[in-house]
Number of protein chains: 2
Amino acid sequence: MKTVAAALGVSPATISNAYNRPDQLSAELRERVLATAAELGYPGPDAAARTLRVGRSDAIGVLLTERLSYAFSDPFAVEFLSGLSEVVEQHGVSILLMPLTLSEDEPDVRSVQRASIDALTILSLPADHPAGAVAKARGIRLVSTDLVSDPDGSWVAIDDVQAGVIVGAHLAALGHRDVAVVVDTLAPAGGDVVELQPESVTFVDYAGRLEGLRQSLPGSVHLISAGHNALASGAAAARWLMHQPEPPSAIVGLSDVLALGALSALTDLGYAVPTDVSVCGFDDIAEAGQNDLTTVRQPIRERGRAVGRLLVDPEATPRQVLLPISLVPRASTGPAPH
Amino acid sequence: MKTVAAALGVSPATISNAYNRPDQLSAELRERVLATAAELGYPGPDAAARTLRVGRSDAIGVLLTERLSYAFSDPFAVEFLSGLSEVVEQHGVSILLMPLTLSEDEPDVRSVQRASIDALTILSLPADHPAGAVAKARGIRLVSTDLVSDPDGSWVAIDDVQAGVIVGAHLAALGHRDVAVVVDTLAPAGGDVVELQPESVTFVDYAGRLEGLRQSLPGSVHLISAGHNALASGAAAARWLMHQPEPPSAIVGLSDVLALGALSALTDLGYAVPTDVSVCGFDDIAEAGQNDLTTVRQPIRERGRAVGRLLVDPEATPRQVLLPISLVPRASTGPAPH
DNA sequence: TTGTAGGCGTTATCAC
DNA sequence: GTGATAACGCCTACAA
């Protein structure tokens with residue numbers, strides 16, 4: 001920039017103005033500036049320097065799990081991000097997809113420390129994940145996808161507890177007393193199956209759904225997991241469950257993906273659904289409908305849009321959005337066998 | 001940073017070291033630095049400043065069309081980006097999805113001017129789009145998704161001309177003499193149908209495929225478009241074509257999405273495929289197989305991976321990758337009606 | 001309409 | 001093991 005200024009015998013400020021405030025200088029001079037810039041190979045204001053100076057990067061961040069590709073492979077994520085990007089693109093803002101390189105000791109939040117973003121949202125991680133605190137400390141606006149107690153916080157959520165209650169009540173009404181819940185952990189998919197203790201509930205995503213299930217189901221609730229949110233995890237969990245001495249009469253996946261995995265494993269094993277076992281999920285992704293899975297619907301795409309609005313426009317209102325949910329009963333749930 | 005340094009009576013450099021080079025200072029001092037930082041609410045090195053100083057942002061960019069949501073809705077893009085992110089995530093690098101806010105006069109490359117990224121790739125835009133030049137001028141490494149004449153350039157491509165020839169030869173062998181080609185323009189989807197002149201071929205994506213078709217098809221080739229790469233564009237184009245006095249005997253979509261749109265419109269109009277009209281696409285996305293569409297296969301996901309490797313690691317080799325293609329004949333093409 | 005000056009927050013280098 | 005210093009490249013009051 002200095003070089004161009006020198007070549008033209010003007011001050012650096014003028015060069016800056018030529019790019020950012022065309023009205024602050026004569027059209028003729030601006031032309032000359034742009035011309036010599038091109039000639040000298042000056043590509044215009046440096047992005048990093050500009051960001052540092054103005055404190056804005058015209059990008060918003062989406063923090064994903066350790067697997068960045070989750071953004072393109074998980075149906076919920078894809079739908080949510082479609083809605084999000086729909087809104088964001090209208091403002092000419094870019095989207096930074098950030099990985100969470102998981103490490104043993106402390107949760108690794110390096111990507112959010114290193115990211116130049118104006119706002120952040122966190123996808124498919126427990127609501128109280130440290131990344132949120134880090135973002136706030138850095139002055140990055142946070143838009144949560146879970147209810148947040150902070151009255152000033154902005155979020156777009158559904159009532160997960162209520163969602164759990166809806167499913168629990170549905171199954172209870174059908175006579176199920178022995179229900180297994182397949183949850184998402186951050187472990188790799190399809191690995192060893194683990195029985196979780198009720199106490200560890202907070203380490204798990206969708207803790208609210210679990211709580212709702214507990215409230216509304218009369219019988220025992222077993223918690224198991226075979227890794228992160230993927231078909232393979234659901235399938236592995238279902239296989240394990242059905243090999244137990246006393247298999248459950250119903251399997252609930254804390255997401256449709258987990259439930260669909262369980263569903264296909266059951267079919268493979270020769271079980272009749274829902275005659276032998278009922279299966280139920282959450283979210284109502286497109287695939288749920290295609291496979292006749294009973295689930296709880298939420299407006300996924302609209303949720304993405306709402307988050308997008310909050311991300312690009314801090315003034316947006318309302319800053320706290322609770323989206324409606326509803327039970328979608330399909331062919332995968334039926335009366336418990338006695 | 002200065003504040004923390006002052007509070008501790010040490011120099012800013014020490015604070016910096018505490019974060020970036022733990023080995024450069026005593027563990028004890030480092031502890032104290034981190035503690036006071038937490039106390040004072042210093043969130044660690046600022047991202048923008050760091051990027052400015054270090055010249056690296058740990059993010060790579062993907063430039064999309066004006067619609068950011070394309071990344072999550074177009075099957076080719078989704079598959080490609082899955083592969084890309086698979087590789088990128090292993091390096092803890094983030095992905096910046098950048099929109100191309102289209103404007104009337106000059107192509108708007110603001111997003112690439114304002115982006116702090118280490119490398120860039122451009123998706124679904126003509127190979128010679130100005131954005132590439134801008135990136136290079138800024139010192140951002142460019143990984144093309146098209147063959148590039150520059151011997152130093154790095155790219156991952158298929159032989160689009162050959163792909164066109166494969167399709168053209170296939171149709172020619174089936175006796176087709178009157179073929180319409182549906183192309184992607186940057187106009188909104190499903191809008192007015194436009195007949196393009198052969199000269200305007202360079203403004204169009206996939207110019208190579210077109211050239212291959214021309215080379216191998218004996219009869220006339222009509223070029224038409226109804227907007228950007230979307231089912232609706234293909235459908236609108238097909239409807240328009242079949243209402244012409246002399247409808248073509250075969251419709252080629254320059255992408256599977258366009259071809260699938262045409263296919264469904266033809267079915268809706270009551271035409272039998274391939275008895276009345278043949279339809280053929282490019283890429284072999286999953287939906288092509290599900291709909292029995294004849295197409296040219298390319299390893300989409302692997303292409304994304306290869307681009308990812310090049311993006312993340314400038315030293316990666318080979319720097320120029322030509323991926324194989326092959327005709328996948330299915331039920332959507334047959335002999336031309338005479 | 002144009003120029004001046006200060007500072008945005010770091011980190012690499014080199015000296016101590 | 002620790003500190004001083006000099007960029008990194010830009011923007012924006014404010015003054016002229």
Side-chain angles (χ1 to χ4, degrees), chain A residues 1-34 36-37 40-59 110 112-118 134-135 137-140, chain B residues 1-34 36-37 40-59 110 112-118 134-135 137-140:
Chain A
M1 190 154 165
K2 260 185 216 155
T3 314
V4 178
L8 248 56
V10 301
S11 102
T14 303
I15 313 297
S16 173
N17 284 334
Y19 285 95
N20 302 311
R21 312 165 150 198
D23 50 318
Q24 292 297 301
L25 84 176
S26 70
E28 186 266 336
L29 177 54
R30 185 175 127 90
E31 266 323 308
R32 264 170 49 219
V33 168
L34 264 30
T36 20
L40 266 44
Y42 171 69
D46 173 86
R50 183 193 168 81
T51 298
L52 173 59
R53 181 61 235 242
V54 300
R56 196 167 33 76
S57 58
D58 288 323
R110 209 175 45 207
V112 9
Q113 289 174 168
R114 291 224 202 301
S116 295
I117 48 177
D118 302 331
V134 173
R138 308 191 75 91
I140 295 172
Chain B
M1 191 152 165
K2 261 185 215 155
T3 314
V4 178
L8 247 55
V10 300
S11 101
T14 302
I15 313 298
S16 174
N17 284 335
Y19 285 95
N20 302 311
R21 312 168 152 194
D23 50 319
Q24 292 296 299
L25 78 177
S26 69
E28 187 266 337
L29 177 54
R30 185 175 129 90
E31 266 323 308
R32 263 170 51 218
V33 169
L34 264 31
T36 10
L40 264 45
Y42 170 70
D46 175 86
R50 182 193 169 81
T51 298
L52 173 59
R53 182 58 236 238
V54 175
R56 196 168 32 76
S57 59
D58 289 323
R110 210 176 43 207
V112 9
Q113 287 174 169
R114 287 217 199 311
S116 293
I117 48 178
D118 303 330
V134 173
R138 307 192 76 91
I140 296 172

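Just the heavy atoms: all of them, side chains too, but no hydrogens, waters or symmetry mates, feed the values below. These figures come from a predicted structure and were not determined experimentally.
- Under a 3.5 Å cut-off, the side chain of Arg138(A) and the backbone N or O of Pro43(B) do form a donor-acceptor pair.
- Summarising the geometry, the separation between CZ on Arg114(A) and C1' on dT11(C) is reported as 12 Å, rounded to the nearest angstrom.
- Backbone-only engagement by Asn20(A) is indicated by non-hydrogen atom pairs under 4.0 Å involving sugar-phosphate atoms exclusively.
- Using a 4.0 Å heavy-atom cutoff across all strands shown, Leu25(A) reaches sugar-phosphate atoms only and no base atom.
- Within the 4.5 Å cutoff, no side-chain heavy atoms of Met1(A) are placed close to those of Pro45(A).
- The nearest pair of heavy atoms linking Leu40(A) to Ala7(A) is CD2-CB, 3.9 Å.
- Straight-line distance from the CG atom of Leu52(B) to the C1' atom of dC8(C): 9 Å, rounded to whole Å.
- Arg50(A) has its CZ atom 17 Å from the P atom of dG9(C), to the nearest Å.
- Arg138(A) has its CZ atom 12 Å from the C1' atom of dT10(C), to the nearest Å.
- Both Gln24(B) and Val54(A) lie near DNA chain D, and the one whose nearest nucleotide falls closer to the 5' end is Gln24(B).
- When all heavy atoms are compared, the tightest approach of Val4(B) to Val33(B) is CG1-O, 4.3 Å.
- For DNA chain D, the span of nucleotides reached by chain A at under 4.0 Å from its heavy atoms goes, 5' to 3', from dG9(D) to dT12(D).
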Review item, nucleotides 4-6 of chain C N/O atoms under 3.5 Å of protein N/O:
{"from": "dG6(C)", "atom 1": "N2", "to": "Arg53(A)", "atom 2": "NH1", "distance (Å)": "2.6"}

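- Across the protein-nucleic acid pair, Asp46(A) atom CG and dG9(C) atom P stand 17 Å apart, rounded to whole Å.
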For residues 46-54 of chain B, which side-chain N or O atoms pair as donor and acceptor with protein atoms under 3.5 Å away, sequence neighbours left out?
{"from": "Asp46(B)", "atom 1": "OD2", "to": "Ala48(B)", "atom 2": "N", "distance (Å)": "3.0"}
{"from": "Asp46(B)", "atom 1": "OD2", "to": "Ala49(B)", "atom 2": "N", "distance (Å)": "2.8"}
{"from": "Arg50(B)", "atom 1": "NH1", "to": "Asn20(B)", "atom 2": "OD1", "distance (Å)": "3.1"}
{"from": "Thr51(B)", "atom 1": "OG1", "to": "Ala47(B)", "atom 2": "O", "distance (Å)": "2.9"}

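- Per the geometry, CZ belonging to Arg32(A) stands 14 Å off P belonging to dT1(C), to the nearest Å.
- Nearer to the 5' terminus of DNA chain D, by closest-nucleotide assignment, is the contact made by Asp23(B) (compared with the other of Ala49(B) and Asp23(B)).
- By the 4.5 Å heavy-atom criterion applied to side chains, Thr36(A) and Tyr42(A) are not counted as neighbours.
- At the heavy-atom level, Met1(A) lies under 4.0 Å from the strands shown only through sugar-phosphate atoms.
- Residues Thr14(A) and Leu29(A) approach most closely at CG2-CD2, 3.7 Å, considering heavy atoms.
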TODO: Check the pair Arg56(A) / Asp118(A) against salt bridge (Lys or Arg N to Asp or Glu O under 4.0 Å), numbers first and verdict last.
DONE: CA-CA 6 Å; Arg56(A) 196 167 33 76; Asp118(A) 302 331; 5.6 Å; no

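- Contact between Ser116(B) and Ala59(B) at its shortest, heavy atoms only, is O-CB, 4.1 Å.
- As rounded to whole Å, 12 Å separates atom C1' of dT10(C) from atom CZ of Arg21(B).
- Across all strands, Tyr42(B) comes closer than 4.0 Å only to sugar-phosphate atoms, never to a base (heavy-atom distances).
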